[in-house]
Asker: 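The structure is given below, and queries will be raised subsequently.
Just so it is clear, the values below take in all heavy atoms, side chains as well, and ignore hydrogens, waters and symmetry mates.
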Amino acid sequence: MIDLKLLRASPAQVRAALARRGDPSLTRLLDEIEALDMKRRTLTGQLDQLNAERNDAARADAALAKAGKLPDETAAARRKLGERIAVLEAELRQIETTLDAKTLFAPNLPLPEVPDEVTVVRTWGTPAPKGGQPHWEIAERLGILDLPRGAKLSGSGFPVLLGAGARLARSLIALMLDLHTREHGYVEVQPPLLVRRESMTGTGQLPKFEDDAYRTEPDDLFLVPTAEVPVTNLHRDEILDGAALPKGYVAYTPCFRREAGSAGKDTRGLLRVHQFDKVELVRFCRAAESPAEHETLTGHAEEVLRRLELPYRVVLLAANDFSFASAKTYDLEVWAPGVGQWLEVSSASTFTDYQARRANIRCRPRAGEKPEFVHTLNASGVALPRTIAALLETHQQPDGSVTLPPALATYVGTDRLG
RNA sequence: GGACAGGUGGCCGAGCGGUUGAAGGCGCCGGUCUCGAAAACCGGUAUGCCCGUAAGGGUAUCGAGGGUUCGAAUCCCUCCCUGUCCGCCA
């Protein structure tokens with residue numbers, strides 16, 4: 001949620017920051033928000049004054065009315081005052097409703113250090129030369145992936161993992177959860193996979209991106225597109241103890257995405273699917289800590305790829321290229337020689353206080369001090385399908401088998417598939 | 001799905017038309033006492049918005065919205081949520 005006080009204090013700064021997102025309609029949205037905010041303040045000023053009058057009057061009248069008789073003309077005057085208040089209240093309510101609705105459509109402000117062009121920050125490992133089989137061919141040969149039957153069950157984009165493939169997925173999940181809980185200090189969470197509208201609004205998926213989500217009828221619940229939603233909302237409407245921050249949670253969940261509007265893109269194999277598994281990292285911290293937390297978090301996600309011996313690069317996304325609620329995002333991309341592409345397997349973002357405002361997540365720095373909004377951050381740690389694709393393509397052998405890195409072999413129970 | 005009960009501050013809990021933002025307790029903070037601590041005692045301790053450099057002031061908020069009233073945490077209506085029992089069930 002955009003900070004109305006900041007918008008009021010530094011309108012030019014907010015406009016300049018939002019302009020970097022490259023959506024010209026945001027200027028008009030800000031105009032509307034500013035006008036509504038001004039109206040709201042004028043109205044609340046008038047209302048505060050009238051309410052003060054009414055409160056004074058009520059106190060003065062109380063004794064009179066209780067004892068015996070409140071003069072008719074006094075009662076009439078009070079009633080008239082009450083009517084004026086009711087009219088203004090109705091007007092104010094209408095403006096607030098509109099203002100809230102508009103505000104929810106304003107994305108987060110990119111941080112100043114975010115570039116205008118995507119930038120490769122660092123690369124780890126040596127990417128294999130482009131070539132070899134794409135993962136779907138390897139997987140088909142190994143009999144660990146069945147796309148046609150997935151399509152029969154649910155439609156395209158719902159892969160079925162079989163045998164060693166299913167075991168591989170389960171092993172990857174266990175490896176990641178163990179790494180993040182034992183070595184990086186996260187608390188493991190198993191959240192609900194269906195969430196309320198409020199939760200989706202808190203993290204920024206709603207109201208703007210409702211078409212991207214699967215929604216249940218008649219309960220109006222949403223299938224989580226990422227564990228970020230339930231885990232961040234764990235602390236919705238709470239005031240956290242400042243001494244307990246930073247706080248990190250890790251959750252494995254399936255993720256459900258309609259991918260509306262992306263038909264035809266990356267449709268082969270595992271690159272873009274409607275349901276996939278992901279281990280997600282979520283952190284809550286004080287505002288001053290969030291830049292360092294963002295780097296730490298990104299490092300936690302990177303460690304997964306190092307353990308899997310997958311060459312990857314970290315890219316800093318451009319201001320016009322990252323998600324609605326984010327203020328700064330690093331993508332982790334693994335090299336997939338078979339398809340000859342860098343594949344995004346993690347997005348590590350800081351949301352500054354944007355989600356915290358929407359979801360009303362605050363902390364009290366110390367006892368007796370005023371609550372302040374926390375900063376939220378999250379990163380995939382990491383998403384499975386593309387990681388599996390990269391694993392198969394990177395570690396495929398001339399004889400058609402696929403070797404597994406030691407860290408993973410321990411979990412799978414073999415160091416070779418096929 | 002059926003039948004009840006209930007939603008009040010960080011937590012528990014009173015209040016059921018008139019200085020109630022809200023008793024009391026717990027927790028927390030400060031102080032007295034102590035070599036130190038505990039106990040005891042004293043004091044403080046909600047959040048949003050607006051005005052103000054500040055001190056402070058105004059206002060709103062007792063699940064949400066609407067209504068009755070000169071006046072609503074208290075009465076009425078609708079919705080949401082939680083709990084208990086019954087039914088069903090991994």
Asker: Distance check, rounded to the nearest 0.5 Å: Gln205(A) atom CD versus Met200(A) atom CE?
Answerer: 5.0 Å

Asker: Go ahead and name the base partner of G30(B); Watson-Crick or wobble counts if both distances stay under 3.5 Å, otherwise write none.
Answerer: C42(B)

Asker: Round to a whole Å and report the spacing from CG of Asn360(A) to P of A46(B).
Answerer: 18 Å

Asker: Classify the ring geometry between Tyr186(A) and His184(A) as parallel (under 30°), tilted (30 to 60°) or perpendicular (over 60°).
Answerer: perpendicular

Asker: Scan every strand shown for a Watson-Crick or G-U wobble partner of G52(B), both distances under 3.5 Å, and answer none if you come up empty.
Answerer: none

Asker: According to ring-ring contact (aromatic ring centres under 6.0 Å, His included), does anything in residues 359-395 of chain A pair up with another residue at least two apart or in another chain? List the pairs.
Answerer: none

Asker: Distance alone, cut at 3.5 Å: any donor-acceptor contact between the side chains of Ser326(A) and Asn108(A)?
Answerer: no

Asker: May I ask you to say what Arg197(A) touches in the nucleic acid, namely base, sugar-phosphate or nothing, with a heavy-atom cut-off under 4.0 Å?
Answerer: nothing

Asker: May I have all residue pairs that pass side-chain hydrogen bond (donor to acceptor under 3.5 Å, both in side chains) and include part of residues 160-179 of chain A, sequence neighbours excluded?
Answerer: Asp178(A)-Tyr411(A)

Asker: On RNA chain B, nearest-nucleotide positions of Glu198(A) versus Arg364(A): which is more 5'?
Answerer: Arg364(A)

Asker: When you measure from the side chain of Lys5(A), which nucleotide among G71(B), C49(B), G58(B) comes out closest?
Answerer: C49(B)

Asker: Taking atom CD as the centre, does Glu183(A) end up with more than 12 heavy-atom neighbours from other residues, nucleotides or ligands that are less than 6.0 angstrom away?
Answerer: yes

Asker: What integer number of Å spans the P atoms of G65(B) and U8(B)?
Answerer: 16 Å

Asker: Listed in order of residue number, which residues of residues 36-47 of chain A have a non-hydrogen atom at under 4.0 Å from RNA chain B?
Answerer: Arg40(A), Arg41(A)

Asker: Where the side chain of Arg79(A) is concerned, which of U82(B), U47(B), C70(B) is the nearest nucleotide?
Answerer: C70(B)

Asker: When both hydrogen-bonding distances must be under 3.5 Å and the geometry is Watson-Crick or G-U wobble, what is A90(B) paired with, if anything?
Answerer: none

Asker: Any luck finding a side-chain donor-acceptor pair between Ser199(A) and Arg236(A) under 3.5 Å?
Answerer: yes

Asker: Specify the residue among Gly82(A) and Glu89(A) whose closest nucleotide of RNA chain B lies further upstream toward the 5′ end.
Answerer: Glu89(A)

Asker: Who is the Watson-Crick or G-U wobble partner of U84(B), with both distances under 3.5 Å?
Answerer: A3(B)

Asker: So Lys80(A), base contact, sugar-phosphate only, or nothing? Heavy-atom distance under 4.0 Å.
Answerer: nothing

Asker: Can you tell which of G65(B), C49(B), U47(B) lies closest to the side chain of Arg93(A)?
Answerer: G65(B)

Asker: What is the separation between atom CG on Leu81(A) and atom P on U59(B), rounded to the nearest whole Å?
Answerer: 13 Å

Asker: So, is Arg196(A) near the phosphate of C80(B), with a side-chain N or O under 4.0 Å from OP1 or OP2?
Answerer: no

